[in-house]
Engineer: 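For reference, the structure I am asking about is given below.
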Amino acid sequence: QKEVEQNSGPLSVPEGAIASLNCTYSDRGSQSFFWYRQYSGKSPELIMSIYSNGDKEDGRFTAQLNKASQYVSLLIRDSQPSDSATYLCGQGAGGTSYGKLTFGQGTILTVHP
Amino acid sequence: GAGVSQSPSNKVTEKGKDVELRCDPISGHTALYWYRQSLGQGLEFLIYFQGNSAPDKSGLPSDRFSAERTGGSVSTLTIQRTQQEDSAVYLCASSLNLNRYEQYFGPGTRLTVT
């Protein structure tokens, strides 16, 4: 069973702090990872993709991938109440099923003023 | 530009009836995906299309589920003889192609089977 696991939270941080979201995966065959944000009652919204080891920054968001340790993380700097949502980690499948994304259960983030 | 669109946004049906859910991908996106999300559950992959072809149907829960795509654009997901456990939000996503994994989701169809 190829799995993606996330700390389910909920994670609560004060406004302005750094929120750290983590994800581990078991399938070493995939090279692609994604972070989605999902507000309650809405569909997932892509916020970051990462394909290579190391860090990738986009505005207040930084994705980190460590293939040796099989984890991927998302850092949100200067967290805002509007960042409160469920964050989904997704892994692209390798091999012949490479169109498929496998998602973790999601981490609920609450940013309090 | 326009994003992924889905219809209907909500569907209530009686157990045993057939339903059809529609997805219109982002213009120019050749790959299309169907997922479902049950209350409190994660996203579950159902099927994907590259063009009109569905190479991987392994995620379809049972033979009551089928999907097709015509003209490399619109896709329909059909559920026959619906059951209460089919109640979920059905999400469609599209990507430029299978080599560009960034998938963009539509607003979903909330299906309730009574």
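Letters go in sequence order (proteins before strands), and every chain restarts at 1.
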Engineer: May I have the step-by-step check of ring pair (Phe, Tyr, Trp, His ring centres under 6.0 Å) for B/Phe105 and A/Tyr36, ending in yes or no?
Structural biologist: CA-CA 10 Å; B/Phe105 284 84; A/Tyr36 286 81; 5.4 Å; yes

Engineer: Would you say A/Leu75 and A/Leu11 are hydrophobically clustered, going by side-chain heavy atoms of ILVMFWY under 4.5 Å?
Structural biologist: no

Engineer: Can you say whether A/Gln38 sits under 4.5 Å from chain B via the side chain, the backbone, both, or neither, judging by heavy atoms?
Structural biologist: side chain

Engineer: Starting from B/Phe65, can I reach B/Val19 by hopping between I/L/V/M/F/W/Y residues whose side chains sit under 4.5 Å apart?
Structural biologist: yes

Engineer: Tell me whether B/Tyr104 shares a hydrophobic cluster with A/Tyr51, the cluster being built from Ile, Leu, Val, Met, Phe, Trp, Tyr side chains joined at under 4.5 Å.
Structural biologist: yes

Engineer: Which heavy-atom pair separates A/Ser43 from B/Pro107 by the least distance, and what is that distance?
Structural biologist: OG-CA, 3.8 Å

Engineer: Counting heavy-atom pairs closer than 4.5 Å to chain B, which one of A/Pro44, A/Gly106, A/Gly104, A/Ser32 comes out on top?
Structural biologist: A/Pro44

Engineer: Are more than 12 heavy atoms, taken from residues, nucleotides or ligands other than B/Glu14, located less than 6.0 Å from that residue's CD atom?
Structural biologist: no

Engineer: Can you tell which part of B/Leu91 gets under 4.5 Å to a heavy atom of chain A, answering side chain, backbone, both or neither?
Structural biologist: side chain

Engineer: Test A/Leu101 against B/Phe45 for side chain to side chain contact (heavy atoms under 4.5 Å, CB included), laying out the working first.
Structural biologist: CA-CA 7 Å; A/Leu101 287 183; B/Phe45 168 79; over 6 Å; no

Engineer: Spell out, yes or no, whether A/Tyr71 and A/Met48 are grouped together once hydrophobic residues are joined by side-chain heavy atoms under 4.5 Å, including indirect joins.
Structural biologist: no

Engineer: Please confirm whether the ring centroid of A/Phe103 lies under 6.0 Å from the ring centroid of B/Tyr35.
Structural biologist: yes

Engineer: Which atoms of B/Glu44 come close to chain A, meaning under 4.5 Å heavy atom to heavy atom: side chain ones, backbone ones, both, or neither?
Structural biologist: neither

Engineer: Quick check: is B/Tyr48 connected to B/Leu60 through a chain of hydrophobic side chains (ILVMFWY, heavy atoms under 4.5 Å apart)?
Structural biologist: no

Engineer: If I take atom CD from residue B/Gln103 and atom OG from residue A/Ser49, how far apart are they, to the nearest 0.5 angstrom?
Structural biologist: 11.5 Å

